[in-house]
Peer 1: 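Below you will find the structure I want to go over with you.
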Amino acid sequence: MTAWTVNNVWLIPAAPLAASFVILSLANSRRKSAAALAVIGQVAALTLSIFAFATTLQAPGYRAFHNFTWFTFGENALRIGWVLDPLAAAMLVMIALVGLCIFIFSIGYMAEDKDFTRFFAYLSFFSAAMLGVVIANSLLLLFVCWELVGLASYLLIGFWIHKPSAAAAAKKAFITTRIGDMGFFLGILWLYSGSGTLLFYDNGRGCLESAGLLALGASATFVALLIFCGAVGKSGQFPLHVWLPDAMEGPTPVSALIHAATMVAAGVFLVARVYPLFSFGAIDGVTPSLTVVVSIGVITALMASLIALAQFDIKRILAYSTVSQLGLMMVSLGVGGVAAGMMHLIAHGFFKALLFLGAGSVIHGTHHEHDIRKMGGLRSLMPVTFLTFAIGMMNLSGVPFFFSGGWTKEEILHATARWPTSRLPHYLMFAGVVLTALYMTRQMIYVFFGNRRPASEQLHSYLNGETPHFGVALLIQPILFVSLAFVAAGIGLGFVVYRHAGLQDRHRAAETDPFESAQPILFRFLGNKMWLDELYANTVIAFSKLAARISDWMDRNVWDGLVRALGGLGQLLGIFTTNFDERGINTGVDETTAGTRGLGRVMSGWHSGQIQTYLGAVAVGMLALLILYAWLT
């Protein structure tokens, strides 16, 4: 059974992919069939993922792979394959399970949409592409699935194509992530040039194994940074984060899928998958590439948390929280806490999906209202949504003991505390904890009011390939209570500042935010997303538009004129050569030919065929020669 599972891991993404293709062939009226096929495909993927997960529990550090030759070129063979290990297995279960919940939620949420069938085809395609990223044992296969994820996100973010904002958001997401993917692709080329293989694991010869890493040598740092460019784009890290909040223009189930279980998780997963490349040549766990990962993660986490404080769109607050949490995961990976970062990624996938689906319920219940200032008092009107949203809020805020987010954040804080380079990320992450609790408390009040622990320790050991162990002493650690104090401070500050905000009439949207009253300039700065979009619009985009206008002017007035001039010169030369050929060469040849023919006709008349005539001519010739000789002498 184990061998069968490893050799057939490809069936996990194949199930939703097949469902997607079948749904695309259905008519728009086959709505129930489309939903049923999508759910069945996802159930199949989840079932197979659970079997795969159970297989990895057989032994600590379990890893199995299946490689084969895709095609050959010359004497070289390009090989791809898939891998099953704790990292892949945990991600497979999370993606399949969260995706299934979102699929089921979408049946009711999208019930009135005229393109219901097409929507489920895109959802299944998205799920299949992300599952393909997870199982890939080849950087090439991972990149192919990575780009399919980008295509799926483009189709889903711009699903309501009749909305100009949705079409613009889809283009923005696609183009922005392509910028990062260009660096990723260059890293793939460099890696293949240096190591001679794109397989991760290949019995000691893979690019993540000793032979491949030694072949790269010092260039491993640059290859890692180029690959990290792709992670920055997909996981919305600074400065390529600008597409992620705009992705809210898609239907709410799309937001939940992108921000929870798929696309944005791909970048964090990529860094975790190729972590041996990032850590190659590390001294005390520190390398230049990992330091860059930490720096980008810290900037992203704090920046997004601050911006979330000044947003009023219920989905945008959650979007910036996603950006912030992804930054936190990157920090964990950068300081060496790979298991902690992946634990938070998996936990985040569940509670962020819960929050987005809760937001979708709120939006649906308030007739597609997004402004939290118009949502006061929903606690009594939507008690189930309030309860589930509160659970998600507590997880995201990092409340320990009863919520997974508290355990995973504590693990990350432990990891940052052990980083030998600097304690600054550790302290800044505490600031991030307070900010997260603050903006989530603010959202809860506006809308609804007027890490190593038992489970975490098991997952930590599982991901690290260690034998799980448990002890009550693990629960009693100082940092847990420090974390609890910071979370309590954030939640308490939120209630103090916003305790009256939820009591307003939902139609009084113009009421000033307490934070805005205290710091209007700072609030405006954060509310406008630190004007980063405007900065890009006035620099990169403006330069691109200027370059396009210059190129257009050069094309119309310089290159076009030059081409026309060269064309005219060619025509002039053609006319000259034509006249010279026809009137000079051809005429001369024709006249010479005519003269030769005339001379031939004259000379042909002299040849009568009579011998006496020829002898007479000879006699006349001899006589002429004798006369000439006599005259000369």
Side-chain angles (χ1 to χ4, degrees), residues 16 20 23-24 34-35 38 42 95 98-99 101-130 147-178 233-236 240-267 311 313-323 326 349 352-364 366-371 529 533:
S20 174
I23 293 170
L24 283 175
Q42 199 68 10
I95 295 168
V98 174
C101 295
I102 294 172
F103 278 38
I104 295 172
F105 178 87
S106 301
I107 295 174
Y109 192 87
M110 301 294 291
E112 304 301 322
D113 197 282
K114 63 182 181 65
D115 292 317
F116 181 92
T117 301
R118 179 166 60 91
F119 180 77
F120 276 93
Y122 291 170
L123 280 186
S124 294
F125 180 67
F126 201 162
S127 177
M130 187 62 198
E147 293 303 310
L148 292 178
V149 169
L151 172 61
S153 68
Y154 172 79
L155 295 173
L156 285 171
I157 294 171
F159 181 76
W160 286 327
I161 199 169
H162 58 276
K163 295 173 57 180
S165 57
K171 289 187 292 185
K172 186 176 183 179
F174 192 80
I175 294 172
T176 304
T177 52
R178 295 291 76 70
K234 272 289 193 292
S235 287
L240 299 181
H241 66 283
V242 292
W243 71 268
L244 198 50
D246 290 355
M248 297 300 98
E249 293 297 334
T252 296
V254 174
S255 303
L257 197 61
I258 289 177
H259 284 257
T262 60
M263 191 166 178
V264 298
Q311 303 301 309
D313 186 304
I314 187 171
K315 288 171 64 177
R316 281 188 179 271
I317 295 172
L318 297 178
Y320 277 106
S321 80
T322 298
V323 176
L326 291 169
K352 182 53 64 70
L354 178 64
L355 286 168
F356 267 109
L357 297 182
S361 176
V362 169
I363 293 169
H364 195 73
T366 56
H367 306 289
H368 300 285
E369 180 59 63
H370 286 241
D371 194 329
K529 300 169 287 186
D533 285 281

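Owing to the predicted nature of the structure, the values given are computational and were not obtained by experimental measurement.
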Peer 1: Below 30° counts as parallel, above 60° as perpendicular, anything between as tilted: where do the rings of F119 and F159 land?
Peer 2: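 Perpendicular.
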
Peer 1: Using modelled atom types and a 3.5 Å cut-off, is there a donor and acceptor pairing between side-chain atoms of S124 and backbone atoms of A121?
Peer 2: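 No, S124 side chain to A121 backbone: no donor-acceptor pair under 3.5 Å.
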
Peer 1: Looking at F103 and S127, what are the two nearest heavy atoms and their distance?
Peer 2: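 Scanning both residues completely, I find the closest heavy atoms to be CZ-CB, 4.3 Å.
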
Peer 1: Report the residue from K163, K171, K315 that forms a salt bridge (charged side-chain N to carboxylate O under 4.0 Å, His left out) with E249.
Peer 2: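 Option passing the salt bridge (charged side-chain N to carboxylate O under 4.0 Å, His left out) with E249: K163.
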
Peer 1: Given D313 and M248, is the side-chain contact (heavy atoms from CB on, under 4.5 Å) satisfied, shown in steps?
Peer 2: CA-CA 10 Å; D313 186 304; M248 297 300 98; 5.6 Å; no

Peer 1: Check salt bridge (Lys or Arg N to Asp or Glu O under 4.0 Å) between D115 and all other residues, then give those that pass, not counting sequence neighbours.
Peer 2: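 Listed in chain order: R118.
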
Peer 1: Heavy atoms only: give me the nearest P16-Q42 pair and the separation to one decimal.
Peer 2: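 For P16 and Q42, the tightest heavy-atom pair comes out as CB-OE1, 4.1 Å.
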
Peer 1: Could you tell me whether the side chain of S235 and the main chain of G267 form a donor-acceptor pair under 3.5 Å?
Peer 2: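 Yes, because the side chain of S235 sits within donor-acceptor range (under 3.5 Å) of the backbone of G267.
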
Peer 1: Could you tell me whether F126 and Y122 have their ring centroids closer than 6.0 angstrom?
Peer 2: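 Here the rings of Y122 and F126 have centres that are no less than 6.0 Å from each other.
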
Peer 1: What closest approach, in Å, do L244 and V323 show between heavy atoms, and which atom pair accounts for it?
Peer 2: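 In this case the closest contact between L244 and V323 is CD2-CG2, 3.4 Å.
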
Peer 1: Closest heavy-atom contact between Y109 and H364?
Peer 2: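 That closest heavy-atom pairing would be CE1-CB, 4.2 Å.
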
Peer 1: Does F125 have any ring-ring contact (aromatic ring centres under 6.0 Å, His included) partners at least two apart in sequence or in another chain, and if so, which?
Peer 2: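 Scan of F125 (ring-ring contact (aromatic ring centres under 6.0 Å, His included), adjacent residues dropped) gives none.
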
Peer 1: Find the distance between CG (L355) and OG (S255) and round it off to the nearest 0.5 Å.
Peer 2: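 Going from CG on L355 over to OG on S255, the span is 12.5 Å.
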
Peer 1: Closest approach of K172 and T176, non-hydrogen atoms and distance?
Peer 2: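 Shortest heavy-atom separation between K172 and T176 comes out as O-OG1, 2.6 Å.
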
Peer 1: Under the ring-ring contact (aromatic ring centres under 6.0 Å, His included) rule, collect the residues that match up with H370, sequence neighbours excluded.
Peer 2: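 With sequence neighbours excluded, H370 shows a ring-ring contact (aromatic ring centres under 6.0 Å, His included) to no residue whatsoever.
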
Peer 1: Within this structure, what is the CG-CG distance for the pair L156 and L257, rounded to the nearest 0.5 Å?
Peer 2: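 Between L156 CG and L257 CG, I get 7.5 Å after rounding to 0.5 Å.
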
Peer 1: Taking the six-membered ring of Y320, is the NZ or CZ of R316 close enough (under 6.0 Å from the centre) and on axis enough (within 45°)?
Peer 2: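 R316 over Y320 ring: no.
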
Peer 1: Parallel under 30°, tilted from 30 to 60°, perpendicular over 60°: which one fits the rings of H162 and W160?
Peer 2: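 Geometry flag for W160 against H162: tilted rings.
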
Peer 1: Assess whether side-chain contact (heavy atoms from CB on, under 4.5 Å) is satisfied between K234 and V149, documenting all intermediate values.
Peer 2: CA-CA 9 Å; K234 272 289 193 292; V149 169; 4.0 Å; yes

Peer 1: Would you find more than 12 non-hydrogen atoms of other residues, nucleotides or ligands less than 6.0 Å from L151 atom CG?
Peer 2: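 Yes - once you tally the heavy atoms of other residues, nucleotides and ligands closer than 6.0 Å, there are more than 12.
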
Peer 1: Can you tell me how far apart NZ (K352) and CD1 (I258) are? Round to the nearest 0.5 Å.
Peer 2: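 These two atoms lie 13.0 Å from each other.
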
Peer 1: For a quick test of reading the model, state the closest non-hydrogen atom pair linking F120 to A38 and the distance between them.
Peer 2: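 In this case the closest contact between F120 and A38 is CD2-CB, 3.6 Å.
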
Peer 1: As a quick check of understanding, evaluate side-chain contact (heavy atoms from CB on, under 4.5 Å) for I102 and S106, giving each step before the final call.
Peer 2: CA-CA 6 Å; I102 294 172; S106 301; 4.0 Å; yes

Peer 1: When you look at OH of Y154, are more than 12 heavy atoms from neighbouring residues, nucleotides or ligands closer to it than 6.0 Å?
Peer 2: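 12 or below, so no.
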
Peer 1: Are M263 and T177 close enough, and set up right, to give a side-chain contact (heavy atoms from CB on, under 4.5 Å), and what steps lead you there?
Peer 2: CA-CA 11 Å; M263 191 166 178; T177 52; 4.0 Å; yes

